[in-house]
Structure formats: structure tokens, C-alpha cells
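Structure first, then comments.
What you see is a predicted model; the values in this text were computed from it and never measured.
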Amino acid sequence: MNFIEPTVGKELDKEQNADRQERLNQMLAFQETHSKEEVYQLKKESLQELKELPLTDRGEQRLSQIESKLDREFHEEKEKENTYMVMKNGKGSKKAFQEKENQKEKIEVER
């Protein structure tokens, strides 16, 4: 019996890892086929649902960190897109674009 049990456990772990990878691949495919706004809204809704669950203080803190990171990344991406569109339309200069990027890097270093 001792020889069978570890093997069964390892097989379950492999199946769970395969399932996890499959879900991850599906999520990545979804992100590629939908707008950033849609993906962002779905992630925000999921976080709100998770926040409604009874969580420990550490769990609530972790969700808040995840939400802050999601918001920051989304808004930074939108800002980059806006800056790119301005540059593409000729309404900005390369120098202004570079200065804005340098400011973002300084902010990231300070964090």
C-alpha cells in the first residue's frame, strides 16, 4: 500500500497542474482577443467578488495590493497608448515623450 499511495498523489498533482495550465492558456487567449478595458473590468469585478468573501486581514491586504497593482498597470498602459497616439499623429515631440518616460522610471524607482 505504501508504494501505491505516493504514486496516486503524484498523478493527482500532475492532473491539477495540467488543469491549471489549461485555464491559464484560456485566460491568456481571452486577453488577446478582447480589449484591455474588458479584461480590466472583468478582473476588477472578480476582485470585488473575492473581497466579499470572509477573509483574514492578510487576505484583505493581499487583495488590496493586487487591486492597486492592476489599477496602476492599466492606467500606465492607457497613458502609454495615449502618448503613442499623440506621437503618431505628430502632436508631440520625441523629447517630450522621452521626458515623460524618464519621469515614470523615476517614480518606479522611488516605489
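Using a 4.5 Å cut-off on side-chain heavy atoms (C-beta onward), Leu24 and Gln21 make contact. Between Gln41 and Lys36, every side-chain heavy-atom pair lies at or beyond the 4.5 Å cut-off.
With hydrogens and angles disregarded, a donor-acceptor distance shorter than 3.5 Å links the side chain of Glu38 to the backbone of Ser35.
Residue pairs that meet the salt bridge (Lys or Arg N to Asp or Glu O under 4.0 Å) test with at least one member in residues 49-59, sequence neighbours left out, are Lys51-Glu67. For residues 47-69, the set of pairs meeting the ring-ring contact (aromatic ring centres under 6.0 Å, His included) definition, not counting sequence neighbours, is empty. Evaluation of the ring-ring contact (aromatic ring centres under 6.0 Å, His included) test over residues 34-71, restricted to residues two or more places apart or in two chains, returns Phe30-His34, Tyr40-Phe74.
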For this session: Quick one: do Gln31 and Gln26 satisfy side chain to side chain contact (heavy atoms under 4.5 Å, CB included)? Show the steps, please.
Result: CA-CA 9 Å; Gln31 284 182 310; Gln26 289 174 348; over 6 Å; no
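Residues satisfying the side chain to side chain donor-acceptor pair (under 3.5 Å) criterion with Glu37, sequence neighbours excluded, are Lys78. Residues passing the ring pair (Phe, Tyr, Trp, His ring centres under 6.0 Å) test with His75: none are found, sequence neighbours excluded. Listed by chain and residue number, nothing satisfies the side chain to side chain donor-acceptor pair (under 3.5 Å) test with Asp19 (two or more places apart in sequence, or in another chain).
In this structure, CG in Asp71 is found 8.5 Å from CG in Leu47, a value given to the nearest 0.5 Å. In this structure, CG on Leu50 lies 8.5 Å from CD1 on Ile66, to the nearest 0.5 angstrom. To the nearest 0.5 angstrom, Leu70 atom CG is 11.5 Å from Leu63 atom CG. Of the inter-residue distances, the one linking Lys69 atom NZ with Ser64 atom OG reads 15.0 Å to the nearest 0.5 angstrom.
Hydrophobic clustering of Ile, Leu, Val, Met, Phe, Trp and Tyr side chains at less than 4.5 Å, counting indirect connections, keeps Leu28 apart from Val39.
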